[in-house]
Protein chains: 2
Amino acid sequence: MGGSAWPLALRGQESVPGRAPGNAAVDDPRKDRPDGTVHYGPLSEAMGFLLRLAQLKSFAGFFRSFEAEDIRPGELTVLMVLHENPGIRQGMLAKSLSIKRAHMTKMVRQMEDEGLILRRVPEDDKRAMELRLTEAGEARVAVLGPILAEHEAGGAAGLSQTETAELKRLLRKMLNIRNGASG
Amino acid sequence: MGGSAWPLALRGQESVPGRAPGNAAVDDPRKDRPDGTVHYGPLSEAMGFLLRLAQLKSFAGFFRSFEAEDIRPGELTVLMVLHENPGIRQGMLAKSLSIKRAHMTKMVRQMEDEGLILRRVPEDDKRAMELRLTEAGEARVAVLGPILAEHEAGGAAGLSQTETAELKRLLRKMLNIRNGASG
DNA sequence: AAAAAATTGTCTACTGGGAAACAATAATGA
DNA sequence: TCATTATTGTTTCCCAGTAGACAATTTTTT
């Protein structure tokens with residue numbers, strides 16, 4: 001029940017790279033060092049690597065902000081998307097959040113048990129499953145929305161507000177998502 | 001043994017959001033729609049959400065590039081960091097990659113079994129474990145390095161080279177990592 | 001020197017999440 | 001119409017990765 005994922009585990013933190021204990025921040029490509037600094041080499045240019053670390057760091061912040069509410073990132077996204085797209089098909093929801101259908105089944109059922117969402121088979125396609133929020137679900141969104149907004153308003157860790165905005169813009173472009181917030 | 005993670009699962013793809021089947025890309029905040037488009041609402045401004053999707057997309061590209069080599073992102077990062085930092089402590093490696101120590105133990109042992117890395121207890125601290133690549137490990141790096149370089153040279157999916165570079169720069173700044181590649 | 005506290009790697013148990021196969025239904029083609 | 005193919009949600013099995021406790025060892029305090 002402890003908070004968990006935006007579809008990705010992580011509860012507390014502990015790791016988070018950032019500059020290591022050592023202090024000498026000089027450029028020093030020497031090998032065989034038992035001291036504290038680490039050289040990432042080509043990895044510092046690898047998009048996937050950077051994104052992974054950034055995501056982890058971002059999530060740590062997320063859990064800090066939502067500490068009081070027992071919520072996982074994945075649940076939050078489902079709630080938000082359902083709020084914005086009532087009646088959306090389960091598979092469509094999964095695809096839009098890049099969650100596998102199999103896993104979405106689990107999440108969504110649990111949330112149904114918790115009384116947050118409603119699932120029903122549409123008449124025109126008996127294979128499908130239409131989802132929408134219950135009153136309780138909407139109420140949850142009403143509580144979580146503002147917390148998310150405040151969390152985001154803070155901007156990313158080591159970046160200025162401008163840089164944060166630019167970073168988000170680039171990510172959105174890369175994902176082909178258009179902005180749909182007041183920002 | 002099928003490729004897997006940069007510390008994060010994902011083998012094939014299937015999901016990946018991107019614009020949905022529908023075509024009307026117009027601004028249309030209507031509710032209750034059974035058509036193909038999805039509104040992300042505030043999520044399109046949520047850093048954690050964007051980072052997660054971007055990472056997934058990036059990983060899909062990773063697996064495409066490394067299809068031939070049976071390698072997981074996590075393994076690659078360990079190989080690269082070990083190549084750059086021979087003799088690094090196991091815990092230090094874990095911290096620098098934001099992988100939990102417990103998990104690092106598993107990874108590193110498996111790689112030891114595969115003959116890629118060497119583990120030995122240093123004399124000055126019998127709790128610790130020093131890691132370095134074997135000849136085979138170095139050979140592996142020699143093969144994978146160029147593939148990674150080529151993969152990265154391609155730039156991110158929907159972005160220009162300039163935008164890709166800027167995105168990486170911002171991520172690096174956010175993570176407090178300095179660039180250590182020819183780029 | 002002894003005792004308390006911190007570190008380091010490891011173990012066990014548990015969770016998030018993917019792969020593949022499946023049944024039910026819908027769409028398509030002959 | 002009937003047979004084939006595609007879609008949708010689900011089930012089962014498995015793996016990546018975390019949490020928390022642990023033993024062995026430093027390190028720090030007294």
Side-chain angles (χ1 to χ4, degrees), chain A residues 1-16 21 34 36 52 55-56 59-60 63 70-75 77-78 88-95 97-112 119-131, chain B residues 1-16 21 34 36 52 55-56 59-60 63 71-78 88-95 97-112 119-131:
Chain A
M1 287 278 173
S4 186
W6 203 307
L8 190 174
L10 200 174
R11 278 163 222 272
Q13 56 268 55
E14 162 180 344
S15 355
V16 181
R52 193 189 83 91
Q55 193 205 16
L56 255 31
F59 274 32
F63 286 109
D70 182 33
I71 186 81
R72 276 151 270 140
E75 283 182 5
T77 57
V78 167
I88 193 177
R89 297 281 209 79
Q90 191 170 307
M92 185 63 199
L93 174 63
K95 176 153 57 170
L97 296 180
S98 283
I99 294 175
K100 292 289 169 294
R101 297 202 309 274
H103 184 42
M104 182 55 80
T105 295
K106 299 177 195 173
M107 282 185 67
V108 130
R109 273 189 171 164
Q110 183 186 333
M111 293 175 73
E112 185 184 33
R119 288 162 22 98
R120 69 148 238 226
V121 177
E123 296 174 1
D124 58 308
D125 191 341
K126 293 179 182 173
R127 300 167 299 179
M129 201 59 103
E130 270 183 13
L131 308 180
Chain B
M1 285 283 172
S4 185
W6 205 306
L8 191 174
L10 200 174
R11 278 164 223 271
Q13 56 267 55
E14 163 180 342
S15 357
V16 182
R52 193 188 83 92
Q55 193 205 16
L56 255 31
F59 274 32
F63 287 109
I71 186 81
R72 276 151 270 142
E75 282 181 6
L76 178 64
T77 56
V78 167
I88 192 177
R89 298 282 209 78
Q90 190 171 307
M92 185 63 199
L93 175 63
K95 176 153 57 171
L97 295 180
S98 284
I99 294 175
K100 292 288 170 295
R101 295 200 311 270
H103 184 42
M104 182 56 80
T105 295
K106 297 180 195 173
M107 283 185 67
V108 128
R109 274 187 173 167
Q110 181 186 334
M111 295 176 73
E112 184 183 33
R119 289 164 18 102
R120 71 149 236 221
V121 177
E123 298 173 358
D124 59 307
D125 190 340
K126 295 178 181 172
R127 298 167 301 179
M129 201 58 102
E130 269 184 13
L131 308 181

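None of these values were measured; they are calculated from a predicted model. So that the names make sense, note that chain A is the first sequence line, chain B the second, and so on, each numbered from 1.
When heavy atoms are screened at a 4.0 angstrom cut-off, B/Ala128 is found touching the sugar-phosphate backbone but no base atom.
The interatomic distance linking A/Gln90 (CD) with D/dT11 (C1') rounds to 13 Å, in whole Å. Look at NZ on A/Lys95: it is 11 Å from P on D/dG9, rounded to the nearest Å. Across the protein-nucleic acid pair, B/Arg89 atom CZ and C/dT10 atom P stand 12 Å apart, rounded to whole Å. Distance, B/Lys126 NZ to D/dT26 C1': 11 Å, rounded to whole Å. Atom CD1 in A/Ile99 sits about 12 Å away from atom C1' in C/dG18, given to the nearest Å. As a whole-Å value, the separation of A/Met104 CE from D/dT11 P is 16 Å. To the nearest angstrom, P of D/dT26 lies 9 Å from CG of B/Asp124. Rounded to an integer number of Å, the gap from B/Lys100 NZ to C/dT8 P is 15 Å.
A close approach under 4.0 Å does not occur between any side-chain nitrogen or oxygen of B/Arg120 and OP1 or OP2 of C/dG9. The side chain of A/Arg72 contributes no N or O atom lying less than 4.0 Å from OP1 or OP2 of D/dT18. Taking only side-chain nitrogens and oxygens, A/Arg101 never comes nearer than 4.0 Å to OP1 or OP2 of C/dA20.
Between the side chain of A/Lys106 and the base of C/dG18 there is at least one donor-acceptor pair of N/O atoms closer than 3.5 Å.
By the 4.5 Å heavy-atom criterion applied to side chains, A/Ile99 and B/Arg52 are counted as neighbours.
With distances taken from any side-chain atom of A/Thr105 to the nucleotides D/dT10, C/dT10, D/dT25, the minimum falls on D/dT10. Side-chain proximity of A/Met129 to C/dT25, D/dG9, D/dG20: nearest is D/dG9.
Distance check: A/Arg72 CZ to A/Gln110 CD gives 5.0 Å after rounding to the nearest 0.5 Å. From A/Thr77, atom OG1 reaches atom CG of A/Leu93 across 7.5 Å, with rounding to the nearest 0.5 Å. Between the NZ atom in A/Lys106 and the NE2 atom in A/His103 there is a gap of 7.0 Å [rounded to 0.5 Å].
Across the interface with DNA chain D, nearest-nucleotide mapping of A/Val108 and B/Arg127 shows A/Val108 to be the residue nearer the 5′ end.
Considering all non-hydrogen atoms of both residues, B/Gly91 and B/Arg101 come closest at CA-CD, 4.4 Å.
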